[in-house]
Amino acid sequence: MKDKNVLLDHGSGGKRSNMMISDIILPAFDNPMLAALNDSAVFEIDGKKLSFSTDSYVIDPIFFPGGNIGELAVNGTINDVSMCGAKPLYLSVGIIMEEGFPFEDLEIIIKSMGEAAKKAGIQIVTGDTKVVSKGACDKIFINTSGIGVVDNNLNINGQNARVGDKIIVSGTIADHGMAVLAKREGMDFDTDIVTDSAPLNHMISDMLEISSNVHVLRDPTRGGVGTTLNEIAGQSDKGILIYENKLPVKDSVKAICELLGFDPLYVANEGKLLCFVAEEDCDKVLESIRKSEFGKDACVIGEVVEENPGRVFLETLIGGRRIIDMLTGEQLPRIC
Ligand code: MG
């Protein structure tokens, strides 16, 4: 059953997005770097390995608890460049604005982008601005692309999960999605939920300094931890088992998820990573992540298993097992 037109669900990062990419985009561009479907393309130039990634930000509202579209656009691309183990260096920024957009807001957004870049230790070195007439876009959309260098010995990607690997999440899940939704629903006044948007490049370089057994890194953004684990299970053709009682979710986030009918496993994160690491290095990598200012609540949530290759299972609180599929249906449009 083929869709005739693009639906919001095609932007969810879940099943429909994946189908659109494999049906239309991959065949037309057809190259192995793209087909690897990792957070960034990794390639060599003159014997030097580079990581290159891009992302567009259309979040609504543009100001939300704990952040705004600008810093999100910087942190998000830094993280995608870094998930292959790269050290991100330079970013480009493309901005599309709607006629009438207040300069006051633009200045806040641009300033926060500069601060985010500084915090991550990268530079924004090229860019573009366009203005469209009123109604042709909603306030402001931002694209960022980034480039970084990768140690030639590293091979971290979604195909590398191995049976026995432990799966670490670097902190509480679903914070970003619920912070944005709370704001949208006018419920942000009585919660402490803020976005987790953060640059993870230093966390990654610290863990790679002490371990050469990190196999996969990925940031569970759109589609959440549930969808991201499915992507990795598929790419690696391995089974994944996670434990409900180990999933770190803040009480306030859990409460609002229950109230509004969301499963935290499918809600977007913007400052978290999933790390697949060989069991013998798990403790020291976990300790290293917890030393990062963005990794204090890191914990092990599951492991890679022999059974059910390509699938993700959750062991529930009462000891049953259920399949965790990719996200289907757009539950939170314009979340990033
Ligand atoms: Mg990503």
Side-chain angles (χ1 to χ4, degrees), residues 10-15 17-18 20-22 25-26 33-42 50-59 67 69 71-88 91 116 120 122 142-148 150 154 156-161 167-171 173-177 180 195-205 207 214-236 265-276 289 294-295 312 326-327 332 334-336:
H10 288 104
S12 68
K15 228 174 203 169
S17 307
N18 277 279
M20 174 177 70
I21 290 166
S22 49
I25 297 176
L26 291 182
M33 274 181 264
L34 180 66
L37 291 179
N38 285 309
D39 283 312
S40 68
V42 176
L50 300 174
S51 166
F52 182 40
S53 190
T54 190
D55 210 332
S56 299
Y57 297 82
V58 297
I59 192 165
I69 188 171
E71 64 190 273
L72 187 70
V74 172
N75 290 335
T77 292
I78 285 172
N79 292 344
D80 277 340
V81 170
S82 307
M83 291 298 149
C84 61
K87 176 180 162 29
L91 247 59
I122 62 103
I142 302 179
N143 172 276
T144 47
S145 298
I147 194 156
V150 197
L154 281 176
I156 295 172
N157 75 66
Q159 296 167 1
N160 286 355
I167 305 168
I168 297 170
V169 65
S170 62
I173 63 169
D175 295 352
H176 174 75
V180 175
T195 179
D196 59 349
S197 172
L200 301 175
N201 52 324
H202 298 309
M203 180 194 287
I204 291 172
S205 59
M207 79 168 85
V214 172
H215 299 147
V216 183
L217 292 169
R218 188 159 297 174
D219 51 346
T221 53
R222 273 179 321 172
V225 168
T227 301
T228 303
L229 288 176
N230 265 280
E231 290 170 3
I232 298 166
Q235 280 180 283
S236 296
L265 268 179
Y266 293 108
V267 177
N269 310 276
E270 288 291 344
K272 298 291 152 48
L273 59 79
L274 293 164
C275 169
F276 287 55
I289 294 174
F294 307 119
V312 181
M326 272 200 181
L327 177 68
L332 282 175
R334 294 182 63 186
I335 203 69
C336 58

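Given the structure is predicted, the values throughout are model-derived calculations rather than measurements. Read the numbers this way: they start at 1 and go in the same order the structure lists the ligands and their atoms.
- Inside a sphere of radius 2.8 Å centred on the Mg ion (ligand 1), the protein N/O/S atoms present are Asp39 OD1, Asp80 OD1, Asp219 OD1.
- In this view, Lys15 and Asp325 satisfy the salt bridge (charged side-chain N to carboxylate O under 4.0 Å, His left out) rule, not counting sequence neighbours.
- The closest side-chain donor-acceptor pair between Ser145 and Thr54 falls under 3.5 angstrom.
- Partner of Asn79 under the side chain to side chain contact (heavy atoms under 4.5 Å, CB included) criterion, chosen from Thr221, Asp55, Leu200: Leu200.
- Residues passing the side chain to side chain donor-acceptor pair (under 3.5 Å) test with Ser56, sequence neighbours excluded: Asn143.
- Screening Ile232, Leu273, Ile167 for a side chain to side chain contact (heavy atoms under 4.5 Å, CB included) involving Val216 leaves a single residue, Ile232.
- Pairs of residues two or more places apart, or lying in two chains, that qualify as side chain to side chain donor-acceptor pair (under 3.5 Å) and include a residue from residues 222-235 are Asn38-Gln235, Arg218-Glu231, Arg218-Gln235.
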